[in-house]
Student: 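Input: one structure, supplied below.
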Amino acid sequence: MSETPAPGKVICDACPVLCQISEGRTGACDRWGNFGGKLTRVDPVVLFRKVVGESGQVTEFLEQKDWDGTPISDAPVFVSGVGSGTTYPDYKPAPFIVGSRHEGVDMVTVVTEGIFSYCSFKIKIDTDRWLGPEQATVRCKGEAAGHVTTIEYGSQMLSLGGVHHLTGGSKREGRVTCDMMMDLGNKKPVEVEVEGGAHVVIQAGKAPIVNGVEEQRMRVGCGSATIGIFAKQWHGHVDEVVVVDDHITGILTEHQAGRFLAMPPSGIRIKGRKSTPGRYFQVANPGTGWGGTDITDPLTIVTGFEPKLARPGSRILMVSTTGEDSAYFILDDKLRMTPAEMPDAVRKVVERIGENCEPALCTVLFLAGAGGSLRAGVTENPVRLTRSIKDLLTKVTCGGAPVYVWPGGGITVMVDVTRMPDNSFGWVPTPAIVAPIEFTMRLSDYATLGGHMDRVRTVEDVLKSERVRVVGWDGLNPWPVGREA
Ligand code: SF4
């Protein structure tokens, strides 16, 4: 039975909260309002149009005010889910089901803003610096909001948000997690603290800030890889190089690269566990010092020299995996490493390590399950939508951005938020995240999978009857409709 609104109010039925909204006010999520006694989506729906010039560049964009009402045949117009609104319960057809014609083929795009309880953000932070132990809880404003997950090559990885934190803890935990997720999706800076680790500021597409220091470089490789890359350039200028790394510290003359160049062993001995020749694990503790270790003085990892092999006067370079830290030494008669001025030829290679480091960035990927009831807004037979996506008959996009669809059951999609329009993400107080999602397919396929055919509208109809905001198409994204998609 549908609810009856109190006098002067409208009921928003776009999510289970069912806000009763007074005239001129908005509901709890600020996405819907009561304007003139009508339930209205506060933001206009975002529409893309690209016009491609001879050079292949996008040259102009349609503004709604400029449209003279003539049919837009074969025009590259795409109605996105941003600002489209939601239907709830999901058995109601999605808010926009838009037909178009592309190269003579009738297409349809089903557009909605999904309400996602099952979703999270996977964060890649390009830094060697240790953020905290794997599995450690990540806190936002004191609340548990995620965890540290498996480190990847040159990057620390976090998993933030998710249904466990949205629904499984206190009300405040859910609310803080939801706010954090929305900010991450909307490319805003978010500050988190890793239990037993670092404070990190994360912002999609920007450099991470670790314990107040903005990270500059993503390392060129592990210590062993750095030896492999630069061995030849060091040859003749130094007698030994130690590349300090929290995971695999490399020693040039022991390493296969040094042997290949017939470099005599320097006899240096360092802390840690030898893996294979010239490759050492656990030379120090993890930290924010040299190469993601806790050391600031590289000599603390050197335990001595093999007297039979060591040669006084040997030239020794110690360097980190980004080239940000380096020191040069000469071995004296008592086999002590004495600091010395680094020759230009050696410094050049250290600088080349830095030159080969890419800028350190935060990558923010939204991961969400669209395999649930959301599908009912697309078709009366939801499993057919899942199959159609797996069979590559239906393309999924989020705010027009391409997604990766995970294999296996359901529709689990992953998207880089920097490829989505600004402010694509919203929230509802259940709490859950609101995100745009579009399904594009041939009209004939839509009919086959049991689509809501009676709700298909034209782009012209959308332009005539809806408030739209036209934004520039991100030329890096493939156009969602057609062969090039
Ligand atoms: S929270 Fe937002 S979407 Fe949900 S009922 Fe209220 S206004 Fe509508």
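Indexing begins at 1, ligand by ligand and atom by atom, following the structure's order. For this chain, numbers begin at 1 and follow the sequence in order.
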Student: Could you identify the single nearest non-hydrogen protein atom to atom 8 (Fe) of ligand 1 and state the distance to 0.1 Å?
Tutor: C12 SG, 2.2 Å
Student: Looking at the rings of F366 and F425, which for Trp means the six-membered one, are their centres under 6.0 Å apart?
Tutor: yes
Student: Do T127 and M218 touch side chain to side chain, with heavy atoms closer than 4.5 Å?
Tutor: no
Student: Measure from atom 6 (Fe) of ligand 1 to each N, O or S atom of C19 and report whether any distance is below 2.8 Å.
Tutor: yes
Student: I'd like to know if atom 8 (Fe) of ligand 1 has an N/O/S atom from C29 within less than 2.8 Å of it, counting both backbone and side-chain atoms.
Tutor: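 For C29, the answer is no, given that no N, O or S atom comes within less than 2.8 Å of atom 8 (Fe) of ligand 1.
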Student: When V403 is tested against each of I389, I411, L365, V413 for side chain to side chain contact (heavy atoms under 4.5 Å, CB included), which residue passes?
Tutor: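 In the set I389, I411, L365, V413, the residue that makes a side chain to side chain contact (heavy atoms under 4.5 Å, CB included) with V403 is V413.
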Student: What is the nearest protein non-hydrogen atom to atom 4 (Fe) of ligand 1, stated with its residue, atom name and distance?
Tutor: C15 SG, 2.3 Å
Student: Roughly how far, to the nearest 0.5 Å, is CG of L361 from OG of S155?
Tutor: 9.5 Å
Student: For ligand 1, note which part of P16 has a heavy atom under 4.0 Å away: side chain, backbone, both or neither.
Tutor: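 P16 to ligand 1: no contact under 4.0 Å from either part.
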Student: Rounded to the nearest 0.5 Å, what separates atom CG in D391 from atom CE in M441?
Tutor: 12.5 Å
Student: Which ligand 1 atoms are under 4.0 Å away from a heavy-atom of R31?
Tutor: 3 (S)
Student: Backbone, side chain, both or neither: what part of L18 comes under 4.0 angstrom of ligand 1, heavy atoms only?
Tutor: backbone
Student: Does T293 use its side chain to pair, donor to acceptor, with the backbone of P286 at less than 3.5 Å?
Tutor: no
